[in-house]
Amino acid sequence: MDFYSSRVTAFAAELTKYKKQYNLISTARFIVAVIFLVLIYLVIRQRSMSGFTVPAFVLIAIFIVLLRLHSIIIFKKQRAAILVAVNQDEINHLLRKGSNFYNGKEFISPKHPYSHDLDIFGDNSLYQHLNRTETYKGSQMLAERLSAPLSETEILKTQAAVKELVAKPEWRQEIEALGRIKKDSRSTYNILVAWSKTPTLKIDVLSTVLSVAGPVALLSSFIGYLITGNGELLSACTYIFSFNLLTAMAKAKAIKKEVANTTVIGEIVNQYRLIIDCIEQENFTSEKLIEIKNKLGHDSTSAGSLIKKLAMLFGQLDTVANVFVAILFNGLFQYHIHIFKALQVWKKNHATQIPQWLDAIAETEALNSFANFSYNNPGYVFPILNKDYAINFKDLAHPLLNPATRIGNDIDFTPRFTILTGSNMSGKSTFLRSLGINMVLAGAGAPVCAASANVHPLPVLVSMRLSDSLSDSESYFFAEIKRLKFIMDELDSKRSFVLLDEILRGTNSDDKRTGTIEVVKKMVRKMAIGAIATHDIEVCNIAADYPESLINRCFEVEIADNELHFDYKLRDGICRNKSATFLMKKTGVI
């Protein structure tokens, strides 16, 4: 918290300074413009340029310098303002005052094996809790990391990279700020990638020769006129200017076609360049971060310099829409033909690297999100990995609950599968979600909300939150049957971590009990690891038949002084206390 508060103060002071500089430069530009206009007025009045040429050039030079300074200050002012916002967002997040971070609602899928059940995406989700990405591809990459477990090798590499980035909070915020200054979108990303995959357009030899010969002829004629004063040479300049302009216009269709696909991404490309520069200039020691940095290497030329040139070419080509510039520059030296040709050469040599560069940015942002999560929660741990299908946690809790009030629990999945009982509100569902969400974090290479963890990374399969699907004309019960069938099929191909919460609620109690018992037995046969929550005490009796595979655990409730007391602590055994009848009597329902 102190780190974020100090940076809010520091960047707020910078912002005030840059606002003053911005206003000062704006005033100076206005004064220079006024002086220049007065100078023109005096020239017109005296009908002579004598004594005014040098001051005019000086004023123009000063104005150009002020324009450059103005653009620099605008960027610095934007950066300072965004870094104030970034740090204030972190403060609000830690104080639980809401979140400005994108919630990943586009990734919500009720058919996913666990993401909908565990609130991985959407409002107040794990994704929103973690997300510090600002680019479109970065948001996609983070969603991918939370949607399926990595291999053991990749988990270890990710853990090492995240640990390294935890110690670089200023650098992480710089990446975040640069992405937020000019945000891209799905459309801009897709346009750029699509452009990189389209074939290059060739300029024929004749056009290439004329694009050089025309400007050279114009320059030679003008120099000849200055030396000789021959009026015919000046007339020749007019004809050559027209020839250059017509030659450039002959390629206008191809140029406009290129501009139509790239105009909207010019500024975004420059923003990618700033992020790439930031990555390339940082020193890393972990294997994963070095791999990411190596994706930006291209022979002896850095990706930053290459994409900077691309942004410049996009900007230069875009001036074709400016009629005055197009006529003047193309008439003088067929400007847009040369830019168009340079862009095609760049595309031919480097365009295939663009998706790889954008992936490097996205991977960095996803890792930064995990590192920020770890930095904000120094008590969280990176799980130790094993290959023995062992899973145990000490002081496990849900990372989205208030750390001041949440209750942690220890659990060792020996035996492999837990039958969990407890009254309503005792904490069963929260505990199941805590297990699931921390297994997802472990599989992504992120730290988990526990004091210690030893995990065999496994696919997570969950049936906890299903609903009627009107669009599919599907009842809740049938949706649940389909989900259970999916889980069983998945267990046929690979061992998984399974969480089930009060299944078969859409049928009568006898049918539900029989079905639940058979589901548990099949879980045992398929070597599933995990837990099932149930209110039916008779389901617990089958644990005696499978002592090496099943164990009963529970959350109890105490009734004292005519009040319910929940301690949310996991115990071995079967829940014996009941709260429903007590609550209904107390509230007058019965």
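In what follows, every heavy atom counts, from backbone to side chain, and hydrogens, waters and symmetry copies are set aside.
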J.: How are the rings of Tyr136 and Tyr189 set to each other: parallel, tilted or perpendicular (split at 30° and 60°)?
T.: tilted

J.: Centres of the Tyr114 and His112 rings: under 6.0 Å?
T.: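 Yes; His112 has its ring centre under 6.0 Å from that of Tyr114.
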
J.: Looking at Ala351, is its backbone amide N or carbonyl O close enough to the side chain of Trp195 to form a donor-acceptor pair, meaning the two atoms are under 3.5 Å apart?
T.: no

J.: Measure the shortest side-chain to side-chain distance between Arg433 and Leu400 over non-hydrogen atoms and say whether it is less than 4.5 angstrom.
T.: no

J.: Which of parallel (below 30°), tilted (30 to 60°) and perpendicular (above 60°) describes Phe107 and Tyr127?
T.: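 Judged by the thresholds at 30° and 60°, the geometry between Phe107 and Tyr127 is tilted.
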
J.: Is any side-chain heavy atom of Trp357 closer than 4.5 Å to a side-chain heavy atom of Leu306?
T.: yes

J.: Indicate the atoms forming the closest heavy-atom contact of Ile290 with Thr285, along with that distance.
T.: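 Shortest heavy-atom separation between Ile290 and Thr285 comes out as CD1-O, 3.6 Å.
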
J.: Go through the steps to decide whether Lys295 and Glu363 satisfy the test salt bridge (charged side-chain N to carboxylate O under 4.0 Å, His left out), and finish with yes or no.
T.: CA-CA 11 Å; Lys295 285 185 178 181; Glu363 286 187 85; 2.4 Å; yes

J.: If you measure only the distance, is there a donor-acceptor pair under 3.5 Å linking the side chains of Asn372 and Glu90?
T.: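 A pair is found: one side chain offers a donor N or O, the other an acceptor, under 3.5 Å apart.
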
J.: Who are the ring pair (Phe, Tyr, Trp, His ring centres under 6.0 Å) partners of Phe382, not counting sequence neighbours?
T.: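 Counting only residues at least two positions away or on another chain, Phe382 forms no ring pair (Phe, Tyr, Trp, His ring centres under 6.0 Å).
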
J.: Please examine the side chains of Lys20 and Asn23, heavy atoms only from C-beta on, and report whether any two atoms are closer than 4.5 Å.
T.: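 Of all side-chain heavy-atom pairs linking Lys20 with Asn23, none is under 4.5 Å.
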
J.: Kindly indicate whether the side chain of Arg132, heavy atoms from C-beta on, has any atom under 4.5 Å from the side chain of Asn368.
T.: no

J.: Between the side chains of Lys293 and Glu282, is the shortest nitrogen-to-carboxylate-oxygen separation below 4.0 Å, so that they form an ion pair?
T.: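 A salt bridge is absent here (no side-chain N lies under 4.0 Å from a carboxylate O).
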
J.: Measuring from atom CZ of Arg96 to atom CG of Asn402, what distance do you get when rounded to the nearest 0.5 angstrom?
T.: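 Interatomic distance, Arg96 CZ to Asn402 CG, rounded to 0.5 Å: 4.5 Å.
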
J.: Does NZ in Lys183 sit with more than 12 non-hydrogen atoms of other residues, nucleotides or ligands closer than 6.0 Å?
T.: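 It does: Lys183 NZ has more than 12 such atoms within range.
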
J.: Less than 3.5 Å apart, any donor N or O on the side chain of Arg483 or Ser463 sitting next to an acceptor on the other?
T.: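 Distance-only check fails for Arg483 and Ser463.
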
J.: For Asp184 and Gln271, does a side-chain donor sit closer than 3.5 Å to a side-chain acceptor?
T.: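 No - no donor-acceptor pair under 3.5 Å links their side chains.
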
J.: Taking the side chain as everything from C-beta on, heavy atoms only, tell me whether Ser5 gets closer than 4.5 Å to Ile91.
T.: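 Heavy-atom side-chain distance check passes, below 4.5 Å.
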
J.: Mind listing the closest non-hydrogen atom pair of Leu15 and Lys77 along with its distance?
T.: CD1-O, 3.5 Å

J.: Whether the Asn376 and Tyr4 side chains hold a donor-acceptor pair (N or O, under 3.5 Å, no angle test) is what I'd like checked.
T.: yes

J.: More than 12 foreign heavy atoms under 6.0 Å from NZ of Lys163: is that the case here?
T.: yes

J.: Would you indicate whether the side-chain heavy atoms of Thr133 and Ser369 approach each other to under 4.5 Å?
T.: yes

J.: Got a salt bridge between Glu154 and Arg145, using NZ or NE/NH1/NH2 to carboxylate O under 4.0 Å?
T.: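 Salt bridge flag = no for Arg145 with Glu154.
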
J.: Could you check whether any side-chain heavy atom of Ile391 comes within less than 4.5 Å of a side-chain heavy atom of Leu458, counting everything from C-beta outward?
T.: yes

J.: Does Arg553 qualify as a cation-pi partner of Phe431, given the criterion of NZ or CZ under 6.0 Å from the six-membered ring centre and within 45 degrees of its axis?
T.: no

J.: Verify whether one side chain among Ser151 and Thr153 offers a donor that lies under 3.5 Å from an acceptor in the other.
T.: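 No, no side-chain donor-acceptor contact under 3.5 Å.
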
J.: Taking all non-hydrogen atoms of both residues, which atom of Ser429 and which atom of Met464 are closest, and how far apart?
T.: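 Taking Ser429 first and Met464 second, the nearest heavy atoms are O-CE, 3.8 Å.
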
J.: How many angstroms lie between CG in Leu310 and CG in Leu192, if you round to the nearest 0.5 Å?
T.: 7.0 Å

J.: More than 12 heavy atoms of other residues, nucleotides or ligands under 6.0 Å from NZ of Lys569: yes or no?
T.: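 Counting neighbours around NZ of Lys569, more than 12 heavy atoms of other residues, nucleotides or ligands fall under 6.0 Å, so yes.
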
J.: Please report the shortest heavy-atom distance between Gly122 and Ile108, naming the atom on each side.
T.: CA-CD1, 3.9 Å

J.: For the residue pair Asn454 and Asn392, confirm or rule out a side-chain donor-acceptor distance under 3.5 Å.
T.: no

J.: For the pair Glu291 and Lys157, find out whether any cationic side-chain nitrogen is under 4.0 Å from an anionic carboxylate oxygen.
T.: yes

J.: Which pair of non-hydrogen atoms, one from Phe121 and one from Gly104, has the smallest distance, and what is that distance?
T.: CB-O, 3.4 Å

J.: Counting only heavy atoms from other residues, nucleotides and ligands, does the tally under 6.0 Å from NZ of Lys182 exceed 12?
T.: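 No, NZ of Lys182 has 12 or fewer neighbouring heavy atoms, counting only those of other groups under 6.0 Å.
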
J.: Can you name the closest pair of heavy atoms from Ala450 and Leu396 and give their distance?
T.: CB-CA, 4.1 Å

J.: Pairing donors with acceptors under 3.5 angstrom, does anything connect the side chains of Glu490 and Ser496?
T.: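 No - no donor-acceptor pair under 3.5 Å links their side chains.
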
J.: Could you tell me if the side chain of Leu146 sits less than 4.5 Å from the side chain of Leu130, heavy atoms only?
T.: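 Result yes, sub-4.5 Å side-chain heavy-atom pair found.
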
